[in-house]
Structure formats: structure tokens, C-alpha cells
Amino acid sequence: MPKEKLIMDASEVSRALTRIAHEILERNKGTQELALVGIRTGGVHLAHRLARRIQTIERAQVPIGELDITLYRDDLALRKDQPVLRKTTIPFNISDLRIVLVDDVLCTGRTIRAAMDGLMDLGRPAEIQLAVLVDRGHRQLPIKANYIGKNIPTARDEIVHVYLEEEGEEDRVVILNGGES
Amino acid sequence: MSLKRKDLIGIAPLDPDEIRLILETADSFKEVSGREIKKVPALRGKTVVNFFFEPSTRTRTSFELAAKRLSADVINFSPSASSVVKGETLLDTARNIEAMQADIIVLRHQAAGAAETLARGVRASVINAGDGWHEHPTQALLDLFTLREKKREFNGLRVAIVGDLAHSRVARSNIYALTKLGAEVRAAGPPTMIPYGLDKLGVRIFYKLEEALRGVDVIMMLRLQLERQGRALFPTIREYSNLYSLTADRLKLADSQALVMHPGPINRGVEIAPDVADSLSSVILDQAANGVAVRMAVLYLLSGAS
Amino acid sequence: MNQSTIVVIRGGHVIDPGRVNGPADVLIEDGKIVAVGRDLAVPACRGGVPTIIDATGKLVLPGFVDLHVHLREPGYEYKETVKTGTASAVAGGFTSVCCMPNTNPINDNQAVTEFIRDQARAAGQATVFPIGAITKGSEGKELAEIGELRDAGCVAISDDGRPVMNSHVMRRAMEYALAFDLPVVDHCEDLYLSEGGCMNEGVVSTQLGLPGIPAAAEEVMVARDLALAELTGARLHLAHLSTAGSVRLVRDAKARGLRVTAEACPHHFALTEEAVRGFNTHAKMNPPLRTWSDVQALKDGLRDGTIDAIATDHAPHAVQDKQCEFVDAPFGVVGLETALPLTLALVDEGILPLEAAVAKLTSEPARAFRLSKGSLALGADADVVVVDPQETWAVDPEQFFSKSRNTPFAGWKMKGRVRVTVMGGRVLYEAGAARARISP
């Protein structure tokens with residue numbers, strides 16, 4: 001039974017998201033030509049929450065897309081069982097837009113690399129920015145987040161898990177010790 | 001969840017969950033085919049060989065497109081009948097293909113069991129694109145994918161398969177797939193074309209087309225294969241089409257929302273009356289598009305590390 | 001063992017169908033049976049020491065007689081030769097085999113018959129009784145020189161591999177053969193009904209999408225041959241019966257007093273069409289494996305005597321011949337080295353008592369073709385088999401004495417094994433002995 005160490009509780013998650021929403025609006029000077037794309041599956045829920053906060057703050061709607069990066073993973077040839085595909089739903093043209101990619105945990109950077117390749121196959125965004133709830137270090141590629149909820153130093157073999165209300169859990173971020181991968 | 005097998009030889013060995021997995025995976029690939037850049041890198045660096053002993057432009061092109069959209073390299077190999085010595089050449093040629101580092105071999109062959117024989121002899125994954133009268137699994141899967149889009153639920157769906165079932169691999173694969181997913185399958189055709197013991201596969205047999213069509217949700221017409229059938233199966237094309245052709249009147253006996261499908265190409269006026277055939281063209285185009293998506297799904301699911 | 005002219009097989013349970021069934025010794029002198037009885041005294045031996053074979057706990061049987069084998073020589077020596085085929089026979093307990101004429105050239109003349117017999121004598125293994133063709137080239141059109149074939153040593157005629165489709169030609173062949181008192185052996189298959197078929201027409205062939213051979217293809221010809229036998233009074237022998245309908249027709253004909261004999265092959269009563277699943281070419285033969293109820297009917301036919309003999313239809317094919325698509329593979333499986341345990345299995349199942357099972361391999365086939373073999377009567381050729389009925393072993397095709405490996409029983413656990421085979425008083429085979437010692 002893995003031990004859970006609480007890093008962020010529900011209210012901390014909420015405050016972090018609110019701050020990120022403000023930061024996005026500040027840096028992009030509003031919502032013009034802005035769109036959010038959540039990376040499946042954790043990033044999708046967070047992207048929707050960010051969009052609602054932006055709507056509240058700025059009284060403007062930002063288009064949201066959902067991106068499945070499975071087909072762009074760099075380890076497909078190495079896996080015995082192919083991972084289950086989920087659908088990519090981006091119902092707008094991403095070309096010339098500023099896209100904010102949203103994910104729950106940033107670690108090696110490979111997921112983000114795959115997400116960028118996926119976006120590039122869909123169009124030519126003017127800019128790609130990255131928002132993550134948690135940055136836990138251990139980058140294997142030169143990837144940097146523009147908006148970070150919390151920096152969490154971790155050991156390589158620790159697992160960081162984000163539980164979300166949308167999946168039937170109480171919002172929280174934990175480190176799992178001695179658990180399975 | 002994954003396809004826990006090296007090859008796709010037929011529908012018979014699959015369990016219903018595997019069939020559903022392929023169809024759900026095909027959903028994602030249909031979306032890819034709707035983009036402007038219809039390519040994903042999932043099979044980059046992999047080699048897919050189309051090994052077609054029987055000519056077939058449509059199926060081969062469909063597999064080629066599917067493989068290329070997954071960024072695989074594609075080689076087309078079509079041994080002509082005269083240059084191939086029977087029997088030993090299949091396995092020997094296949095080993096040569098393996099030496100080219102083929103990851104997946106798509107085989108169409110006139111002998112039933114050829115795909116299974118090949119799969120046992122090579123390390124590469126083998127996809128059966130039609131072996132004699134035995135099976136054509138990707139055709140059945142794309143038929144089911146098309147049905148799923150229009151009809152949603154397989155359980156209790158009434159499907160009639162009409163024509164030369166005895167010599168049809170499409171019919172066999174569809175019968176296995178539909179019965180595994182809980183559909184009610186009816187077969188209609190002259191007794192000479194209904195194979196022995198078909199009822200043991202869970203199919204209701206009708207010699208009168210009108211009775212088979214009553215209230216049915218889906219009608220799958222089979223092509224009358226003039227080049228493949230033996231003698232004395234039916235007296236003339238005229239009598240066959242009098243008795244078994246899908247006319248507008250016969251179509252009215254089916255459910256008002258009934259879907260008519262045909263693996264193509266249609267023999268107008270033989271299996272289907274021309275006016276009914278015209279209204280079919282959209283479904284046939286759907287089936288073609290779905291074929292690429294389904295084949296991408298199969299290639300993807302079989303392409304894991306060995 | 002050294003080869004002296006006196007051989008004693010001691011301490012076994014002798015079964016000579018119709019004569020002996022109990023503990024006894026067998027005394028052999030100069031290649032003939034001289035005595036069968038308990039505690040036999042061994043006479044003084046002129047040129048050396050008598051050979052003693054200890055058969056304690058074993059069965060001592062007449063050497064088996066196989067009415068139906070394919071030795072493939074002349075013409076297909078890469079599959080089997082007379083030498084390797086007869087060695088395979090001896091390893092399976094068969095001391096007499098009748099070989100079919102579908103060689104290349106066909107055995108429809110004296111020269112080929114004599115060639116086969118010469119090869120058999122040179123090999124010194126099982127005795128070979130050639131079967132000559134019914135028609136020239138087995139084409140089914142003109143009669144072969146059956147008189148010449150009989151004089152050259154043929155014991156029966158057959159176009160095996162094919163039927164004689166033309167009923168008029170078959171009638172004349174049956175009549176003509178009466179002059180030479182030869183049995184006419186038919187491979188019952190209506191070629192029009194079976195055309196293109198490669199397995200039994202049934203549920204399995206429908207599922208596999210393979211063209212089928214209906215049971216009717218055999219039964220139509222069985223019925224025809226029986227009608228012609230009734231018309232002509234000929235001696236008819238029906239090869240490899242495989243269907244319930246065929247058994248029923250023969251039972252009825254025998255009840256009416258027709259001179260018909262019939263054989264069945266072990267693979268037809270040990271396997272069904274299910275063995276073909278996976279497109280296994282080692283389960284492809286003609287007639288094909290049938291259904292469970294056909295298997296039951298064959299067993300009933302063996303039990304009530306409708307089927308007289310068990311024959312193997314030993315049909316060797318090289319490995320590469322069978323390594324292809326099912327529809328293209330040649331028909332046939334080997335059988336000499338697996339027939340005994342499959343026959344003894346019928347005893348275990350309660351289908352046949354042991355003596356009757358032995359008769360199916362010995363006295364019954366000999367009677368059908370009027371061969372002076374298959375018995376341990378005084379003065380008979382000393383062809384004897386010592387069998388361990390309890391020994392279990394696994395079938396390993398790589399160990400076969402046959403050149404070919406095409407068996408559907410690879411890996412099967414069998415019960416009952418040939419330990420020693422004696423031919424004309426010489427020990428030709430001992431299980432487990434180094435191969436080099438087999439063949440004098």
C-alpha cells in the first residue's frame with residue numbers, strides 16, 4: 001500500500017490555478033488570438049478550469065482543445081502493448097494562434113515534446129506556451145514551463161500524482177512512496 | 001488493453017473485447033484522416049509489406065494509405081501467378097521479405113489458410129487481407145465500424161447477408177464478428193450457395209429473399225463472383241437476379257431505416273437493381289474511408305515490440 | 001543376438017487367432033514354425049547356439065499383414081524406397097506388406113512388378129506382395145495385362161489413388177479378374193462429387209472456408225461397386241472405408257452373401273475432421289478424416305466383422321511437399337509405425353477383444369488376399385512379432401524408420417510397442433537396438 005505525502009491540498013490547487021489564469025492573461029495581454037490545449041488526460045480537466053477562470057476574470061471565452069499525444073510518443077517502438085488511443089478534439093484552426101499547452105505534471109519533458117509535434121501536424125501556431133500544475137524536475141529534454149503551479153523537488157523513483165474532482169477524487173497533489181510505477 | 005497476438009489472421013480467434021478495442025482505436029484514426037496533415041509518426045521507421053497474390057487495387061491501396069499515414073515505409077509485392085511455383089514459394093518468399101526487415105506483412109492469397117501458414121513461419125506480424133474463402137477480417141471490421149456509426153448498438157441488430165455465402169470470405173468474417181457482438185444474423189441465397197452446417201454458426205437460413213428481409217436493420221449484399229464460382233451453382237444470371245436481386249420493392253420489406261451495404265464493386269442489375277445501387281453510393285464511400293481508419297488501427301495495435 | 005537356424009521365443013502369451021491364445025513358447029527352425037506349446041524342449045543346434053528370445057510379460061503374435069501401403073519406388077524415391085518402407089514396416093511389426101501400383105511408372109506390367117520384388121528381396125526386410133494396376137497407366141480406360149501381372153507375382157489389382165470412374169470398365173475388370181482369382185481393390189471416390197475438395201465436407205470445412213469432399217462421394221462408389229460385384233460374382237475388396245454410410249452398405253451386402261471384404265485405417269478411427277483445424281497438412285489424406293459419428297460406425301463395423309482388416313494406407317511424403325497451403329498439399333500420411341498402439345487402443349476402449357484385434361492385423365488381411373501369412377501354424381513362415389502391450393512411448397517422427405515424417409500423431413503418447421520382429425526365422429528388428437544392426 002503506497003504511502004501518500006500531501007504536497008498540495010484542494011485550496012492550494014485552486015489558488016495556483018487562479019494565479020496561473022491571471023499570469024496567462026497578463027503575459028498575453030488579454031484573450032485575443034489565445035487558445036488552451038489540454039494534454040490528455042490530466043491536462044484536459046485543468047485546461048477547462050483555467051478557461052472558466054479566464055471567463056470569470058476577463059469575461060471572454062477562450063477556445064479549448066483536447067490533445068492525445070499517444071501517436072507522437074517516442075517509445076511506441078519499444079513497448080510490447082500499444083497504449084490505448086484517445087481522441088484528439090481541437091475544433092478550431094490553431095494556425096496563427098498563441099496556444100497554451102496545459103498538463104498536470106512536468107517531468108522529463110518528453111510528453112511536451114510529443115505534444116508540440118502533434119500541434120505542428122495540425123497547423124502553425126504563432127506561439128506555444130506551457131502551463132503545468134506541478135514541475136518536479138528531472139528534465140531529459142530542454143523544455144521549460146512558462147506557468148508553474150508549484151515546483152516540487154523529487155527523487156527520480158518517486159511518483160507525483162495529481163488527483164482531480166472530475167475523476168471522482170478530492171483535489172490534491174501527492175508524492176507516492178514505495179508504490180508501483 | 002491491447003491485442004495480445006502477433007497476427008490478425010481472422011475474426012474467429014478474436015474475443016468481443018478485442019473487436020471493440022479495434023473499433024474504438026479506429027475512431028481516433030478517422031479523426032487523423034480528417035486533418036489537413038493526414039500523418040502521425042506512430043509507425044515511423046517500420047516497414048509494412050503488401051504481399052498480394054491476388055490482384056486487388058482497392059484493398060491494397062487502402063492498406064498502403066493506412067501504413068503511410070502512420071509514417072511507415074511501404075513495399076508492394078505482387079507475384080504474378082506464372083512466376084510463382086505453387087506451395088514452397090510462399091514461405092521462401094516470405095523469409096526473403098523478412099530479411100528486408102519487414103515488421104508487418106499484409107497477405108492476400110487464393111488458398112485458405114495461407115495467412116496462418118505464413119504467420120507460423122515468420123517473425124513479422126501477418127495481417128490477412130483475404131485467404132481464399134476463409135476470412136477477410138479487416139473488411140468485416142470496417143463493415144462493423146460503418147454499422148456502428150449509423151446504428152450504435154450491435155446487440156439484437158438484425159442483419160441479412162445475401163448471395164454466395166459458400167465462397168465468400170467477407171461473409172464468414174462478418175458472421176463471426178456480428179455473432180460475437182450479439183447481432184442476429186440471417187443468410188439468404190440459393191441452397192447451392194449456403195455452405196453445409198452454416199446454421200451451426202448461429203445463422204438463420206432462408207432460401208426466399210423476401211422472408212429474410214422482413215424487418216431487417218442491415219442488408220449486406222455479396223458480390224456474385226462470376227470468376228470464382230464452380231459449375232451448376234445456379235442456372236443463369238437472369239434467374240439468380242429474379243430471385244435474389246435487391247429491388248426497391250424488396251427493400252421496402254426491411255426496416256424503414258435499413259442500411260444497405262456491399263463490399264464492392266457492384267454488379268449492377270445482378271445483385272442490386274440500378275435504382276437501389278445509386279442510393280448506395282454514399283455508404284460505399286463511407287466504407288472506403290472507414291477502411292483506411294480501421295486498417296490504421298490494426299497496424300497500430302499490432303506494431304508493438306516483439 | 002547371433003543368427004542361428006534355431007530360435008525359441010520363450011515365456012510369452014501367444015495369440016494365433018483361431019488357434020492359440022495363452023501362455024506358450026514358439027520354436028522356429030530353418031525359418032519355419034515347428035512347434036507352439038508350453039515349456040518346449042530346445043533341440044540341438046547344428047551351426048551354433050540357439051537364439052533365445054525372452055518374451056516374459058509380452059504378447060507373441062504372427063507378423064502383421066498390411067494390405068495397403070505405398071512404397072513409392074520406382075519414381076518417388078525421395079519420399080520412400082522399398083528398402084526404407086519395408087524397414088518401417090518391420091519396425092511397426094508388419095512382416096508382409098502389399099504395395100499399391102501408383103508408382104512412376106505405374107505398376108501395370110511384369111517389369112515393374114519384378115523390379116519391386118527384386119528390390120524387396122535385396123532389402124531383406126518385410127515381404128512385399130505387389131498389387132498391380134486394374135487399367136493401363138491407371139487411366140481407367142483399358143484393362144492392364146492382369147494375367148501377366150498375376151504371373152509376375154501380384155496378389156490383387158487396384159488403381160488406388162483413383163477409382164475406376166467408368167462403370168463399364170470396372171465391370172469388365174471384375175469379370176476378367178475372376179479368371180485369375182484376384183481380388184479387385186477399389187478406392188471409392190466419385191471424382192465429380194469430390195472435385196476440388198481437400199477435407200470432409202462439414203461444419204469444419206465451412207468454418208475454414210475449404211472446399212469439401214462429401215461422404216456421398218465415397219458411398220456412391222461403394223454402392224456401385226457392390227452392385228457390380230453382385231452382377232459379376234467378383235472378389236471385391238474396398239479400401240480405406242471412412243463413412244458410416246459405407247459401413248452400412250457393406251454390412252447389408254455381406255448379409256446378402258456377397259464376396260466382399262473391407263479395410264479401415266487407424267487414422268480414420270482415431271481422428272476426426274477436427275484434426276484439420278489450424279490448416280494442419282498432416283491431417284490431410286484421401287478419403288479425409290470424417291465426423292465423430294463416422295468414427296463410431298467404423299468401430300461398430302470392426303466389432304461386428306463388417307470391416308475385415310486394419311490396413312495403414314502408409315503414404316509417405318517429403319517434408320517440403322507438405323509444407324505449403326492446405327489446398328495444395330498432397331494427400332496422405334504414414335502409418336506403419338503407429339498402427340499397433342492405435343489398434344490396441346480399440347481393445348482398451350472395449351471395442352474388440354484382444355484376439356479379434358490381433359486378427360484384424362494378421363489372419364483377416366491374409367484371408368482377404370489369400371496370403372499364406374499372418375499365422376503361427378506348424379510349417380508356416382516364421383514371421384513373428386513380440387509386443388509389449390503395456391509399454392508407453394511418445395511418437396517422435398524424427399525416429400521413424402520411414403524416410404518420411406508426415407504423421408498426424410506426432411507427440412502422441414501411445415501404449416503398446418513392438419519389441420522384436422522376426423522374419424523367416426531371422427531377428428530383423430529389436431526396439432532400442434542401434435540402427436546399424438537392422439538389416440543383415
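Below, read A as the first sequence line, B as the second, and so on, with proteins coming before strands; counting in each chain starts at 1.
- Heavy atoms from other residues, nucleotides or ligands lying under 6.0 Å from CZ of C:R251 number more than 12.
- Each of B:A166, B:P195, B:G197 has some count of heavy-atom pairs under 4.5 Å with chain C, and the biggest count is that of B:P195.
- Closest heavy-atom contact between C:F279 and B:R120: O-NH2, 4.1 Å.
- Listed for the C:T206 side chain is a donor-acceptor partner under 3.5 Å among the backbone atoms of B:Y196.
- Identified by a heavy-atom distance below 4.5 Å to chain B, contributing residues of residues 161-169 of chain C are lacking entirely.
- Both the backbone and the side chain of C:P211 come within contact range of chain B, judged by heavy atoms closer than 4.5 Å.
- Interface summary for chain B: among C:V203, C:V327, C:L208, the most heavy-atom pairs under 4.5 angstrom belong to C:L208.
- For C:F331, the CZ atom sits in a packed shell: over 12 heavy atoms of surrounding residues, nucleotides or ligands are nearer than 6.0 Å.
- Residues satisfying the side chain to side chain contact (heavy atoms under 4.5 Å, CB included) test with B:R204, not counting sequence neighbours, are B:E184, B:R186, B:F206.
- Per-residue heavy-atom pair counts under 4.5 Å with chain C were compared for B:K200, B:H109, B:Q110, and the maximum is reached by B:H109.
- Between the CD atom of B:E116 and the CD atom of C:E325 there is a distance of 12.5 Å, given to the nearest 0.5 Å.
- Your options are C:G212, C:C198, C:G278, C:G209, and the one with the most heavy-atom pairs under 4.5 Å with chain B is C:G209.
- Of all the listed residues (B:A12, B:A112, B:A111), the one sharing the greatest number of non-hydrogen pairs under 4.5 Å with chain C is B:A112.
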